[in-house]
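Quick note on labels: first sequence line is chain A, next is B, and so on, each numbered from 1. Heavy-atom basis, side chains included; hydrogens, waters and symmetry copies ignored.
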Amino acid sequence: MGAADYVAIKDLAQYEGEVVEIRGWLYNRRSSGKIHFLLIRDGTGVVQAVAAANDVSTTAWEQLEQLTQESSLIIWGTVSRDERSPGGFEIHLQDVRVLQIADDYPLALKEHGVEFLLNTRHLWLRSPRQVALMRLRDRLMFELECFLRQDGFVRVDTPILTPNACEGTSTLFETDYFGETAYLTQSGQLYSEATAAALGKVYCFSPAFRAEKSKTRRHLIEFWMIEPEMAFYTYEDNLKLQEELMTQVVGNILEHCADELEEVGRDIKPLERVKAPFPRISYDEALEQLAREGLPLEWGDDLGAPHETAIADHFDRPVFVERFPAQTKAFYMEPDPNRPELVLAADLLAPEGYGEIIGGSERIHDYDLLRERIRQHELPESEFQWYLDLRRFGSVPHSGFGLGIERALTWVAGLDHVRESIPFPRLLNRIRP
RNA sequence: UCCACGGUAGCUCAAUGGCAGAGCGUCCGGCUGUUAACCGGAGGGUUGUAGGUUCGAGUCCUACCCGUGGAGCCA
């Protein structure tokens with residue numbers, strides 16, 4: 001029991017026949033003159049309360065008559081089982097205390113357009129579907145951290161404000177750092193390589209920012225990423241870890257969030273097939289396959305969204321695309337010893353066309369090679385001195401990966417756009433509310 | 001930045017170049033088992049903005065603004 005003596009709607013079944021107190025908001029009301037049916041939500045669920053004019057005081061009845069959608073209230077009544085009630089239980093109302101009569105609530109219980117819903121995101125979050133999504137998001141993050149901690153990882157956070165681009169590729173948000181230009185981070189990885197050399201197996205979990213003017217269903221300007229980094233892990237160790245992580249995390253979400261998945265209308269069969277090991281396809285094989293399917297690419301081109309979907313469609317579970325041309329990938333990735341023009345990197349593509357949810361690689365641990373790559377990419381060497389130091393003082397092979405929370409959730413929940421996967425999405429030209 | 005589509009009541013949408021409408025929400029009235037309740041009534045508009053064509057523009061033309069989907073980039 002919590003700090004106060006009231007009952008959560010999800011726990012009502014335990015109180016059949018008893019008088020309980022419920023605190024919440026009026027989700028909807030139906031009325032037949034001298035009997036009201038109130039649908040009350042409290043964040044844990046929705047319950048129907050029945051109020052008959054003959055059963056409550058005149059004062060209480062007058063208050064009930066004034067209730068508007070989303071008015072906040074406390075009710076007292078007896079819990080009973082009733083098949084006519086949504087959810088199977090209802091409350092026979094004895095008394096009510098209204099905290100606030102809500103103004104005209106803009107969100108009707110009806111379909112709305114995207115722009116209106118995003119403008120009203122602060123209220124949209126109250127709808128049952130959005131509540132289910134936020135619970136799924138919470139569970140996803142919880143399960144990811146659970147797995148890593150069980151496996152000996154330590155969470156070590158990395159800075160949001162950085163003096164330079166991590167990878168020197170995408171556009172970053174600039175800000176003023178007491179007269180010096182600073183940027184919002186696009187990844188904590190480079191710092192995690194430092195903390196991995198301090199603690200062994202670490203992860204950072206932080207927002208990341210991309211100032212790209214991306215305008216698709218897969219892109220957010222601000223998103224969350226969890227990035228494990230493991231000292232002594234080889235490329236193979238890294239992929240194996242990712243398989244085990246995804247298998248456990250998806251399995252536990254299926255076990256604990258069946259109601260939420262049903263609320264968002266997710267077909268769970270594809271999720272039930274998420275079992276290690278995952279199939280692998282090399283970049284070269286992928287290119288051959290794409291050419292046969294009428295999506296030809298030049299060797300060295302990066303895979304676009306349609307290519308990722310075409311590849312993933314051949315598999316019924318997540319698939320690794322691996323060993324990419326070095327030129328398409330970040331400067332810090334370890335070359336394939338058998339084919340130096342490739343790097344030991346793999347992207348994990350979700351099934352059903354959801355695209356890349358994990359990107360990982362073995363990192364270069366040789367000082368001279370890393371310095372050469374920094375020069376080739378025309379990155380400011382002075383800013384990377386500390387990063388090069390990691391290869392001067394006890395350098396070890398190490399690997400890691402980044403998992404985008406919103407993309408993973410979009411797939412797990414079967415959404416058609418990432419914007420519903422984060423409480424307050426930051427999109428191109430949208431920073432409010 | 002580029003390509004495509006769109007912008008009409010609080011919301012979702014109609015309206016051959018010819019009186020700007022419906023459903024839902026809101027307000028008023030009715031109803032003691034409702035299930036996005038139902039029935040009756042009322043209120044609600046600078047048709048994104050500015051200009052143009054026309055006897056007449058929500059509708060056609062031009063520019064701009066805003067939004068949506070996609071490309072590039074990526075998680």
When the [atom1] atoms of [N] and [M] are considered, how many whole Å apart are they?
N: A71(B); M: C60(B); atom1: P; result: 30 Å
N: G25(B); M: G51(B); atom1: P; result: 39 Å
N: U46(B); M: A57(B); atom1: C1'; result: 15 Å
N: G7(B); M: A15(B); atom1: P; result: 11 Å
N: A20(B); M: C3(B); atom1: C1'; result: 34 Å
N: C61(B); M: U53(B); atom1: P; result: 15 Å
N: A4(B); M: G23(B); atom1: P; result: 38 Å
N: A14(B); M: C55(B); atom1: C1'; result: 27 Å

### Task
Would you please test Arg149(A) and Glu145(A) for salt bridge (charged side-chain N to carboxylate O under 4.0 Å, His left out) and show each step?
CA-CA 6 Å; Arg149(A) 284 156 188 267; Glu145(A) 295 207 73; 3.7 Å; yes
Please pick, from [options], the nucleotide with the shortest atom-to-atom distance to any side-chain atom of [X].
X: Lys213(A); options: G72(B), G69(B), C74(B); answer: G72(B)
X: Lys34(A); options: A71(B), A75(B), U32(B); answer: U32(B)
X: Arg407(A); options: A75(B), C31(B), U32(B); answer: A75(B)
X: Lys110(A); options: A71(B), C11(B), C73(B); answer: C11(B)
X: Arg419(A); options: U68(B), U32(B), C74(B); answer: U68(B)
X: Ala305(A); options: U34(B), A71(B), U32(B); answer: A71(B)
X: Ala108(A); options: G67(B), U32(B), C24(B); answer: C24(B)
X: Lys215(A); options: G70(B), C73(B), G33(B); answer: G70(B)
X: Glu308(A); options: C74(B), G10(B), U32(B); answer: C74(B)
X: Ser214(A); options: G33(B), C74(B), C73(B); answer: C73(B)

### Message
Tell me if a side-chain donor or acceptor on Asn238(A) pairs with a main-chain N or O of Tyr235(A) at a distance below 3.5 Å.
### Response
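Flag not set: sc Asn238(A) to bb Tyr235(A) has no pair under 3.5 Å.
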### Backbone N/O of Lys215(A) and side chain of His219(A): donor-acceptor pair under 3.5 Å
no
### Query
Taking only Watson-Crick and G-U wobble pairs with both distances under 3.5 Å, what dot-bracket line describes RNA chain B, where [ ] shows pairs that cross earlier ones and | shows pairs with another strand?
(((((((..((((....[..)))).(((((.......))))).....(((((..]....))))))))))))....
Once you apply a heavy-atom cut-off of 4.0 Å, does [X] come out as touching a base, just sugar-phosphate, or nothing?
X: Pro86(A); answer: base
X: His36(A); answer: nothing
X: Glu227(A); answer: nothing
X: Phe116(A); answer: sugar-phosphate
X: Gln48(A); answer: base
X: His417(A); answer: sugar-phosphate
X: Leu220(A); answer: base
X: Glu111(A); answer: base
X: Asp347(A); answer: nothing

### Task
Would you sort out whether Glu263(A) and Arg135(A) count as a salt bridge (charged side-chain N to carboxylate O under 4.0 Å, His left out), showing the intermediate values?
CA-CA 11 Å; Glu263(A) 173 66 42; Arg135(A) 287 188 180 279; over 6 Å; no
Whole angstrom is fine here: how far is it from [atom1] in [X] over to [atom2] in [N]?
X: Leu428(A); N: U68(B); atom1: CG; atom2: P; answer: 9 Å
X: Phe324(A); N: C74(B); atom1: CZ; atom2: C1'; answer: 12 Å
X: Ile357(A); N: C74(B); atom1: CD1; atom2: C1'; answer: 15 Å
X: Glu65(A); N: C31(B); atom1: CD; atom2: C1'; answer: 12 Å
X: Glu222(A); N: A75(B); atom1: CD; atom2: P; answer: 17 Å
X: Arg218(A); N: U68(B); atom1: CZ; atom2: P; answer: 16 Å
X: Asp104(A); N: C28(B); atom1: CG; atom2: C1'; answer: 14 Å
X: Lys329(A); N: C74(B); atom1: NZ; atom2: C1'; answer: 9 Å

### Message
For Arg218(A) and Glu406(A): C-alpha separation, side-chain torsions, deciding distance, then whether salt bridge (charged side-chain N to carboxylate O under 4.0 Å, His left out) applies.
### Response
CA-CA 9 Å; Arg218(A) 297 178 305 281; Glu406(A) 289 77 18; over 6 Å; no
#### Entry: Whichever of Met225(A) and Thr216(A) has its nearest RNA chain B nucleotide further upstream toward 5'
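Whichever sits nearer the 5' end wins; that is Thr216(A).
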#### Entry: 5'-most by nearest nucleotide on RNA chain B - Val50(A) or Leu39(A)
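Closer to the 5' end of RNA chain B: Val50(A).
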### Query
Side-chain donor-acceptor pair under 3.5 Å between Gln66(A) and Glu62(A), yes or no?
no
### Query
Regarding Trp76(A) and Glu21(A), is there a side-chain donor-to-acceptor distance under 3.5 Å anywhere?
yes
### Query
Going by modelled atom types, is there a donor-acceptor pair between the base of G33(B) and the side chain of Glu90(A) at under 3.5 Å?
yes
### Message
Is there, by distance only and without an angle test, a donor paired with an acceptor across the side chain of His219(A) and the base of C74(B) below 3.5 Å?
### Response
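Pair found.
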### Query
Ring centroid separation for Tyr332(A) and Phe384(A), is it under 6.0 angstrom?
no
### Message
Between G33(B) and Phe37(A), is there a base-stacking contact, meaning the centre of the base's six-membered ring lies under 5.5 Å from the residue's ring centre while the planes stay under 30° apart?
### Response
no
### Query
Is the closest side-chain heavy-atom distance between Thr158(A) and Glu227(A) below 4.5 Å?
no
### Message
With a cut-off of less than 4.0 Å, is there a side-chain N or O of Arg29(A) near OP1 or OP2 of C38(B)?
### Response
no
### CA sep, side-chain torsions, deciding dist, call: Arg139(A), Glu260(A), salt bridge (charged side-chain N to carboxylate O under 4.0 Å, His left out)
CA-CA 10 Å; Arg139(A) 193 81 208 187; Glu260(A) 285 80 7; over 6 Å; no
### Message
Below 30° counts as parallel, above 60° as perpendicular, anything between as tilted: where do the rings of Phe173(A) and Phe209(A) land?
### Response
perpendicular
